[in-house]
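A short write-up of the structure that comes next.
Just so you know, ligand 1 is whichever comes first in the structure, and atom 1 is the first atom listed for that ligand. Just so you know, these numbers come straight off a predicted model, no measurement behind them.
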Amino acid sequence: MTALRDIRKQFLGFFETNDHRIEKSSPLVPDNDPTLLFTNAGMVQFKNLFTGAETPKFPRAVTSQKCVRAGGKHSDLDNVGYTARHHTFFEMLGNFSFGDYFKDDAIKYAWDLLTKDFGLSKDKLLITVYHTDDEARAIWKKVAGVSDSQIISIATSDNFWAMGDTGPCGPCSEIFYDHGDKIPGGPPGSPDEDGDRFIEIWNLVFMQYEKFSGGKQTELPKPSIDTGMGLERVAAILQGVHNNYDIDLFKNLIAASVEESNVKAQGEAMFSHRVIADHLRAASFLIADGVSPSKEGRGYVLRRIMRRAMRHAHILGTPEPLMHRLVPALVTEMGDAFGELKRAQENIETTMLEEEERFRKTLGRGTALLDSATANLKDGDTLSGNVAFKLYDTYGFPLDLTQDALRSKGIDVDVDGYEAAMKIQKDTARAHWSGSGDAGADALWLGLREQFGPTEFTGYERLTGESQILAIIKEGQLVSEAGPDEAVQLLTKSTPFYAESGGQAGDKGSAVFEDGQAVITDVKKFVGDLHVHMVTLARGHIKQGGNVRLHVDPSNRRTTMSNHSATHLVHEALRRVLGTHVTQKGQMVDGERIRFDFSHGKGVTAEELSQIETQVNQVILDNSEATTKLMAPDAAIEAGRWHCSAKNTAMKFAFSLLAMCQTEKIILIRSNYAGGHM
Ligand code: SER
């Protein structure tokens, strides 16, 4: 039997031999697309190469990309564990050509790998092509020597892949594997295609067009290739099993779950073990990539995944939290291919444990409420949306967890009622909020943002700047001018003033205008990118439309920057002294002090505190000169963390040091850091 890890290696090696560069999997939180919840395909990291926004440094690449598909509107979370192939986390194997080879080679590579290297019988394989793609059909016949009947034309979007409404797109060809007539299901395009017999294993996308808004479509000057094959699916085939959960990796994770829970993987418990094994992977990889369970966004999707697994641990009857005890087994299985898993192991375990402890506190009471609310319901009935909402709001049961809990009884949840209850709660909260006047103020800032666009920030290069006064706001109202001793908010076209963001305080300073002067006590960001100055007039009058000269207090800026740099020293020292599980949870930095919040399961001892202080002060006193080095992420980690790092890598290493130390202060001299540094 070929182990999953060897299949991954074989795939990467095959394409490396064919001049592809092996690229690392990109993180699950895409750094090139804020609109995407999680990386969900191999091509995500190469998006800009396909669109032409970036020039490729190499013409061919191959990856095994970690992907998460969960959390969208039509997420399959509910099915995971109960079907043979649904996963929240999976690896997508892919080869890519950026304007280099096209259909001929892509088809040849895929066919050779599957039939020669992987040794699959060509009689077991079926091909689909887009119905107008005669070229692909002809190549398949020539390269693979398959008959016309093994090539099925598909006219739907299943065989025409597009990145979005606009952008590169093209027909695709999919390769299916026939698991045999013992399993029900028909070939692709037939009425029974949703059965489990014919399984899609590889999708070859021939990117050859570009779509524009308005429907226009042109030929790409350099057609490209993007392919995606599910590692778990191909492993199932090569290991001679039908269900993905029977491949070596899942068998080992399930064995760990059996051992730690002391419950055999039989009957209903089998499904619980599968849910646990699947969610262990998704949750651990998400945590390793910096996601924490929370009430919204990505963090909420993570929480839903974690809690679903934790409920299944509870169903198995484990008296103590289970998930964190399974992390070592996952690291054994996947830590070699994904070093981030090893590095984050402690953090993953702590996060799992904390979340499971938190959830267990309400799980019992929530389950009791669910049991009593469904006591008189039978198969085909519906649970009220209000109860589902109460389970969510009071007991932390995500909606899909409630649905999952009721699936075995055949009871549905009134999702519309649940959403209505959620809306009432949000509206009520908003009504309270508007009572404070903030809602009106928000509309005012949104209007100003629409009228004037974002504030241009000039403070990286200069500490002073001349600008125009766009708006003066007093007590939430626009005013045309303000006079001595009045406290107002000032919006200017551009500003050198840094606005409070990411736990770093805004700049302080002064404003000079035609006949007067004002003190700027703080600057805040409103509606994302308006820098709004909090101003008290000392003398004279400021008028809307007038000019103003803005001066940042340089010493406050400098000490704030130094303190910001110090947070990175503190973070690193915490990791060195307390362990690499320490993650930053928040910070507040101004010119006087820093506050650094971090996670560590217990209190810090006096001795540890003294070691942390010594380490931080040692670096400061070393007075070492900062060098800005662009390092590959792994090299930076290997080389230790007292490092400077430039854009991109800095994004990934928020605790990198970007500082020059002078006498007793750490002074930031240069930063490409895209986050909180100036
Ligand atoms: N982008 C295609 C997919 O996701 C091929 O990788 O299926």
Side-chain angles (χ1 to χ4, degrees), residues 7-8 11-12 14-15 20-28 30 32-33 35-52 56 60-72 74-76 85-103 105-107 109-111 113-114 126-130 133 136 154 156-177 188 193 198-211 220 223-234 244:
I7 299 170
R8 185 195 295 120
F11 180 87
L12 297 173
F14 173 86
F15 283 99
H20 290 64
R21 177 159 138 159
I22 300 180
E23 280 292 289
K24 276 178 74 79
S25 169
S26 61
L28 284 168
N32 61 352
D33 187 348
T35 63
L36 197 59
L37 190 65
F38 298 120
T39 300
N40 57 7
M43 56 76 61
V44 169
Q45 66 167 308
F46 303 119
K47 251 173 93 164
N48 291 341
L49 304 186
F50 291 124
T51 58
R60 300 167 172 216
V62 60
T63 58
S64 182
Q65 173 67 49
K66 45 189 181 174
C67 297
V68 164
R69 289 187 183 173
H74 304 290
S75 112
D76 287 338
R85 266 166 289 280
H86 277 103
H87 298 293
T88 51
F89 174 96
F90 63 98
E91 271 179 78
M92 189 182 271
L93 303 169
N95 56 293
F96 305 90
S97 147
F98 311 116
D100 190 26
Y101 63 85
F102 196 43
K103 284 182 200 178
D105 282 344
I107 289 174
Y109 287 143
W111 194 252
L113 177 68
L114 291 180
L126 246 77
I127 313 296
T128 65
V129 293
Y130 192 52
D133 195 356
I154 303 280
T156 65
S157 59
D158 275 353
N159 277 62
F160 193 94
W161 184 86
M163 207 173 73
D165 293 340
T166 58
C169 57
C172 52
S173 218
E174 295 184 325
I175 305 171
F176 283 71
Y177 184 81
E193 66 174 0
F198 296 90
I199 299 300
E200 180 214 322
I201 51 172
W202 205 346
N203 183 13
L204 316 183
V205 181
F206 311 126
M207 283 201 205
Q208 66 187 113
Y209 304 112
E210 182 158 10
K211 265 201 287 190
L220 280 179
S224 296
I225 291 293
D226 151 35
T227 84
M229 169 156 66
L231 174 59
E232 298 76 4
R233 285 181 181 206
V234 78
N244 286 6

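- Taking the six-membered ring for Trp and thresholds of 30 and 60 degrees, Phe50 and Phe96 have ring planes inclined between 30 and 60 degrees apart.
- Listed by chain and residue number, His20, Asn95 satisfy the side chain to side chain donor-acceptor pair (under 3.5 Å) test with Tyr101 (two or more places apart in sequence, or in another chain).
- Taking the side chain as every heavy atom from C-beta outward, Gln208 and Lys103 approach each other to under 4.5 Å.
- Looking at Ser26 and Gln65, their side chains do bring a donor and an acceptor atom within 3.5 Å of each other.
- In this structure, Tyr209 and Phe160 have side chains that are in contact, with non-hydrogen atoms separated by less than 4.5 Å.
- Listed by chain and number, Ala41, Met43, Arg69, Met92, Trp161, Asn203, Val205, Asp226, Thr227, Gly228 each place a non-hydrogen atom less than 4.0 angstrom from ligand 1.
- Although no hydrogens or angles enter the test, the distance criterion places a donor-acceptor pair under 3.5 Å between the side chain of Glu232 and the main chain of Glu91.
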